[in-house]
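Below is one structure, written out as structure tokens; comments come after it.
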Amino acid sequence: KQRGAPCTIIASTMSSARRSTRTSGRRSTTKASQSSSSTDGLRTIVQKRLTKDVFKNSAAKCDGWMILVVDKRSMRVVSSAIGMYDIMENHVSLVEDIDKKRAPFKDLGVIYLLSGTEESVNHLVADYENPLYGKNAFVYFLGPVANHEIDKIKQCRPLLKRLKALGEINIDFLVKEERAFSLDMRSAFPPLYLRNARKIEANIADKLVTVCVTLNEYPHIRYANESASCSALARTFHLKMDEFLRNNDSWWYHGDSRHTDRARGTLLLLDRKDDCLSPLMHDFTYQAMVNDLLPMEDDKVSYKSETFQSDDGPMKVMDKDVLLNDNDVLWVELRAKHIADVIQILSTRIREMVNSDTSGLNQKDKGKTMSLTQMANALKALPEYREVMSKLSQHMHLSHECMEFFRKDGLLTLSELEQTLATGKRDDGRSPKLAEMVEELCDMLEDMNDPLARARLLMLFIVSQGGIDPQYKDKVFKSAKLTGKLNQCVQNLEVLDIPIVSSGEKKSKIGGLFGGGRISATGSTDGDSEYTTSRYVPPMKETMTKMCQNILSIEEFPSVMPLPESAVRSSGTAMSARRRAEASSLRGSTTSQFRRSTAAASSDPTGGDTYTGERQIVFVVGGLCFSELRVAREVMSKESKEIIIGSTHFTKPTDFMQDVSKLGDK
């Protein structure tokens, strides 16, 4: 029973079909896995696996062009890793949806790449009641397929006659970045926290196994001890990973007797419930702002752009779709930077280009600070630069759209309140009294016109302070003016063990304590942050840092099986002192809206892709927010340790609130 890579055995009879489904070619398994360098990120590994094990493997056994048939799940998996051009290069002329009625192509071969659900297997078999395609059929499933679904394929003789490959490729997840993934399971949030999760946990574990198989990792498993979800998932994953290892004796993993160049990795399971503050905070780095403020869906965002209809024609305003992913080099460079720095970088680069000798600008205009309108007009006059400037222009539009929301919604003032609530201190280091902060909170709530924004701020206050002091409850809720679903969303925090009204102990969700009438300090501050609106640090940063330094508490994060001594040492090398460079002066009206911290300078990670030691895999049950994705990159760069971070889904503030609101659904 082999499930390491796509099968290359031809299934011409029922018995051989059963063998081919359960047995993958050993050479194919080893070659596919060993072809990836140990320095490759997850996206690169998945790209190589899909290209080699699916498309090139099929093309080598089929003369002529082929059709690729996918279901909704597999289409999302494929498109997250490779583009249509890469697929077409491998003799695929057309991609079709198995759920839709399709025209027959009896002279072409077909590749099926499916999720293995009952519905998709039924559609597969139905295609051969009156065969739609030619004599070559290659069938691949994203992950494990139930035995009774395999039986349906065995019993379909027209399909068996054409079957040239049948197997499981173990890529049942979406690649979001080079070292980040999502299981695309946002619907799992309510059952996870309403403890109706046995099936969901098994499904998550199955998909996590495919992540580890793809990475050639048989990891040590650690989990948040206080999380029932993580504890249950750790046990389920352990059983499923061991089962895979028993059934695939040719599959190798880092740290086995034949591959000692890298030690076994570690999988750390964390729970969204243990930090409900980070998803609610406003984060002013570029990636977080785009996802929070703009109409972003997956990696796609739309904006209005002026476009040339012809070389000498007038400009036309059109809606333009932009994909923000690892293929956009400029996005990768800017996404972790503060929005003020993003706009300054873009403005400088555009100004440098339009001030070049070939720009056609008047000499008297060169070197001057340019407004957004002047920059756009300059771009129109540079036809030879249009292709080069297109990315700069796109990101200039997006960053300025973010700033428009920033100004319109008064986010500067709001963020100062949020930062004080989250860290327990103002920018000057003073800890304000609770009564003082309640007054500021109520004033802010009463000035807000958007009920969703009021609900978000109220939830942030409740989470950061471990509930509302009883004496202020009526005052705060009166100022919030919430009704219906938004009020229920706030009340549902109790399902996540966050009290709406604080107890006598006045202990916050993440451990902060009231003291002497002062506000609770829920989160830590970032000494490296240049901006006063970015002092708060997601708790995950400290957890990942300790994990990389092998000083993570074994009591708080136990292991399913005993860990090697190197992973549980009681003390580690202290973090190197943070270097602080003198902050450069800011220019322009945009950056001046943000105040720089007097005690910090830039901390933009600039490390390369050279990592030491074993791989760390961090998985968050219940959703990963973009500030946590950013700090994972920062820790990886600073500690020179590879971190693969993932979750059931990626979440932004409105998504998180919607998820919480569903906890009250019956």
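Below, all heavy atoms of this structure are taken into account, side chains as well, without hydrogens, waters or symmetry copies. Small disclaimer: the values here were computed from a predicted structure and weren't measured.
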Under 3.5 Å donor-acceptor, R272 side chain and V621 backbone:
no

Would you say the side-chain atoms of K652 pair up with the backbone N or O of M296, donor to acceptor, closer than 3.5 Å?
yes

For D428, look at atom CG and say whether over 12 heavy atoms of other residues, nucleotides or ligands are found less than 6.0 Å away.
yes

Dump the intermediate steps for salt bridge (charged side-chain N to carboxylate O under 4.0 Å, His left out) on R349 and E333, then the final yes or no.
CA-CA 13 Å; R349 291 187 186 177; E333 176 191 352; 2.5 Å; yes

Close side-chain approach of R430 to K425, heavy-atom, < 4.5 Å
no

May I ask you to establish whether K176 and F650 are in a cation-pi arrangement, using a distance under 6.0 Å from NZ or CZ to the six-membered ring centre and at most 45° from the ring axis?
yes

Are any of the side-chain nitrogens in E404 or K408 under 4.0 Å away from the carboxylate oxygens of its partner?
no

Just say parallel, tilted or perpendicular for the rings of F284 and F406, cut-offs at 30° and 60°.
perpendicular

Do side-chain atoms of S637 reach the backbone of E634 as a donor and acceptor pair under 3.5 angstrom?
no

Counting neighbours of NZ on K473 that are heavy atoms of other residues, nucleotides or ligands and sit closer than 6.0 Å, is the number greater than 12?
no

Any salt bridge (charged side-chain N to carboxylate O under 4.0 Å, His left out) pairs touching residues 180-189, not counting sequence neighbours?
R73-D184, R76-D184, R186-D655, R186-D659

Are the side chains of V660 and M459 in touch, meaning some heavy atoms are under 4.5 Å apart?
yes

Measure across Q658 and S661 and return the closest heavy-atom pair with its distance rounded to 0.1 Å.
O-OG, 2.6 Å

Side-chain heavy-atom pair D283, M289 within 4.5 angstrom cut-off
no

Can you tell me how the ring of H338 sits relative to the ring of Y531, calling it parallel under 30°, perpendicular over 60° and tilted otherwise?
parallel

Determine whether V618 and L267 make a side-chain contact, defined as any pair of heavy atoms from C-beta on separated by less than 4.5 Å.
no

Expected output: side-chain E178 to main-chain G41 donor-acceptor under 3.5 Å
yes

Which heavy atom in S415 sits nearest to a heavy atom in T533, and how many Å separate them?
OG-CG2, 3.1 Å

Going by atom types alone, do N291 and Q287 pair a side-chain donor with an acceptor below 3.5 Å?
no

In terms of heavy-atom contacts, L441 and L417 come closest through CA-CD2, 4.1 Å

Donor-acceptor pair, side chain of S464 and main chain of A422, under 3.5 angstrom
no

Do you see a donor-acceptor pair shorter than 3.5 Å between the side chains of S302 and D321?
yes

Nearest heavy-atom neighbours spanning D275 and P539:
OD2-CD, 3.3 Å

Looking only at atom types and distance, does a side-chain atom of R179 sit under 3.5 Å from a main-chain N or O of M636, one as donor and one as acceptor?
no

If the condition is ring pair (Phe, Tyr, Trp, His ring centres under 6.0 Å), which residues does Y303 pass it with, not counting sequence neighbours?
H397

Quick test of your reading of the model: are E439 and K433 salt-bridged, counting only N-O distances below 4.0 Å?
no

Any idea how Y286 and H395 line up, ring-wise: parallel (<30°), tilted (30 to 60°), or perpendicular (>60°)?
perpendicular

With the threshold set at 4.0 Å, does a side-chain nitrogen-carboxylate oxygen contact exist between K546 and E639?
no

Could you tell me whether the side chain of V438 reaches within less than 4.5 Å of the side chain of D469, counting heavy atoms only?
no

Would you call M444 and S479 a side-chain contact if the rule is heavy atoms closer than 4.5 Å?
no

Do any N or O atoms from the side chain of T651 and from the backbone of F656 form a donor-acceptor pair under 3.5 angstrom?
yes

When you compare the side chain of F189 with that of L663, does any pair of heavy atoms fall below 4.5 Å?
yes

Donor-acceptor pair, distance only, cut-off 3.5 Å: does the side chain of D271 make one with the backbone of D274?
no

Is a side-chain N or O of S399 found less than 3.5 angstrom from the main chain of I343, in a donor-acceptor match?
no

Would you mind listing every salt bridge (charged side-chain N to carboxylate O under 4.0 Å, His left out) that reaches into residues 448-459, with sequence neighbours excluded?
D292-R456

Go through L421 and M437 one step at a time and tell me if the side-chain contact (heavy atoms from CB on, under 4.5 Å) criterion holds.
CA-CA 8 Å; L421 289 172; M437 293 309 301; 4.1 Å; yes

Does S80 use its side chain to pair, donor to acceptor, with the backbone of L174 at less than 3.5 Å?
no

Heavy-atom closest pair (I500 atom, V490 atom, distance to 0.1 Å) is CD1-O, 3.2 Å

Which heavy atom of L277 sits nearest to which heavy atom of V463, and what is that distance?
N-CG1, 3.7 Å

Would you check if L482 and F477 make a side-chain contact, meaning some heavy-atom pair closer than 4.5 Å?
no

Pair E446-K478, salt bridge (charged side-chain N to carboxylate O under 4.0 Å, His left out): steps then yes or no
CA-CA 9 Å; E446 289 170 3; K478 182 179 178 181; over 6 Å; no

For R535, is there an ion pair with E416 - N to carboxylate O distance below 4.0 angstrom?
no

Flag the pair E440 and R426 as a salt bridge only when some basic side-chain nitrogen lies within less than 4.0 angstrom of an acidic carboxylate oxygen.
yes

What I want to check is whether the side chains of S278 and Y536 have a donor and an acceptor closer together than 3.5 Å.
yes

Return yes if a side-chain donor-acceptor contact under 3.5 Å exists between S553 and E555, otherwise no.
yes

